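None of the values given here were measured: they were computed from a predicted structure. Every number for a ligand or one of its atoms is a count from 1 in the order of the listing.
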Amino acid sequence: MARSIDIMKDRQEAIEAGCDVLGQGFPIAIPTETVYGLAADATNPAAIAHIYETKGRPRFNPLICHMADLAMAEDHAEFDPVSRALAEAFWPGPLTIVVPLKPQSTIHSLATAGLDTVGIRVPVGFAGELIHAFGRPLAAPSANTSGKISATSAEHVEADLGDKIRLILDAGASAVGVESTIVKIENGRVRLLRPGGLPASEIEHVAKQKLLRSRRASAAIEAPGMLASHYAPGAAVRLDATRVEENEALVAFGSAAITGAANARIVLNLSRSGDLAEAAANLFDYMKKADATGAATIAFTTIPDDGLGEAINDRLRRAAAPRE
Ligand code: TXA
Ligand code: MG
């Protein structure tokens, strides 16, 4: 079992213990507003290698580098006017911006998978304080075994990775519940690389333009978060369900009655009132709960595609995709 520190009870102890293990070159689990991260010193190749090893990632992929603030980010990367405007509007928050690395950046190429760009975000709250105290960027993918559902609580992390890591910093359930939105600015145009916890419409409002959405088939940036079968529970996943079949768990959205719900292995509702933020926050936890019933299939009812629904539906489509 990993040592766990409740940051609400002992914030200072959590920061000191966190900096200590990070400084020794090992990853720790940290709470962020999106999901829990498996964080390591982004300037230390051995520490980054431990992230891949702990997650069982099959190959090296670019990791998001987390910064204390925009000033720290500018030590490592070049911000064009649009990237800067987005950073100023949304950081700290669930937005990752892919920007060109500066030649003097100390971020190791193992964190960027050798690309000349880096995905950067400034997380809300405790994680930002921890990075400020540590003084260096933290590379952090979600704190789960590769291909599995992302962790949105310290209990999820403990159950999955507890015997592989030294420290879990516990701040309760992640408020947003899905990973950050990732964008990249190309000649002043904003491209959406991954829908996430910041709705696309909010980015369009600040950038004063429609987002480019077509994915480019660049192998260099193909990464687990983009693989079709990522976020897979043990059970099969069925989308747009209007009734519950034999041996299914039901994860509903909204207040409509669903035929056969009485026979479901479990009935969970992401948001009875139809609130997409509430649904995003519950998504991964309910996937795990439904999976834990041993149901053959998890049936999800339809979730609208606007706002945070885009990120929720992206994760659900990947969970429902044929497994590799
Ligand atoms: O919410 C989040 O973003 C969570 C929490 C822990 O902060 N982190 C997360 O990190 O999801 P990670 O490392 O799993 O995200 C990796 C994704 C890759 O799938 C890739 O799509 C994108 O970030 N990425 C990172 N660097 C990139 C780059 N230089 N160019 C293009 N995409 C990049
Ligand atoms: Mg992940």
L198, I64, I30: member with heavy atom nearest to atom 13 (O) of ligand 1
I64
May I ask you to identify, for H66, whether its side chain, its backbone, both or neither come under 4.0 Å of ligand 1 on a heavy-atom basis?
side chain
Record the part of T112 in heavy-atom contact with ligand 1 below 4.0 Å; permitted values are side chain, backbone, both and neither.
neither
T34 N/O under 3.5 Å from ligand 1 N/O
yes
Result for side-chain hydrogen bond (donor to acceptor under 3.5 Å, both in side chains) between E248 and one of R238, R265, R243 points to R238
Please list, in number order, the atoms of ligand 1 under 4.0 Å from a heavy atom of T117.
28 (C), 29 (N), 30 (N)
Numbered atoms of ligand 1 (with element) below 4.0 Å of R57, judged on heavy atoms
14 (O)
With no hydrogens and no angle check, just 3.5 Å: does a side-chain donor-acceptor pair link D285 and T152?
no
Can you find a non-hydrogen atom of N61 under 4.0 Å from ligand 1?
no
Between E155 and K288, is there a side-chain N and carboxylate O pair less than 4.0 Å apart?
no
Taking distance alone, with no angle check, do R194 and ligand 1 share an N/O pair under 3.5 Å?
yes
Which residues end up grouped with V267 if you chain together Ile, Leu, Val, Met, Phe, Trp and Tyr wherever their side-chain heavy atoms are less than 4.5 Å apart?
V244, L250, I258
N/O/S of S142 less than 2.8 Å from the Mg ion (ligand 2)?
yes
Heavy-atom proximity to atom 8 (N) of ligand 1 ranks first, among P123, G37, A140, for A140
Heavy-atom contact check, 4.0 Å cutoff: does K184 meet ligand 1?
no
Donor-acceptor side-chain pairing of D240 and T302 below 3.5 angstrom:
yes
Quiz question: by atom type and distance under 3.5 Å, do the side chains of E53 and H50 form a donor-acceptor pair?
yes
Ranking V98, V35, L38 by closest non-hydrogen atom to atom 30 (N) of ligand 1, top hit is V98
Taking distance alone, with N or O pairs closer than 3.5 Å, would you say S180 contacts ligand 1?
yes
Those residues at least two apart in sequence (or on a different chain) that pass side chain to side chain donor-acceptor pair (under 3.5 Å) with E13 are R3
Does one side chain, of D160 or N144, offer a donor that lies under 3.5 Å from an acceptor on the other?
no
Do S180 and T96 have side-chain atoms, one donor and one acceptor, less than 3.5 Å apart?
yes
Atom 24 (N) of ligand 1: of S142, P62, A39, the nearest heavy atom sits on P62
Should you measure from each heavy atom of I182, which atoms of ligand 1 turn up under 4.0 Å away?
17 (C), 22 (C), 23 (O)
Pick from R136, H108, Q24: which one makes a side-chain hydrogen bond (donor to acceptor under 3.5 Å, both in side chains) with D41?
R136
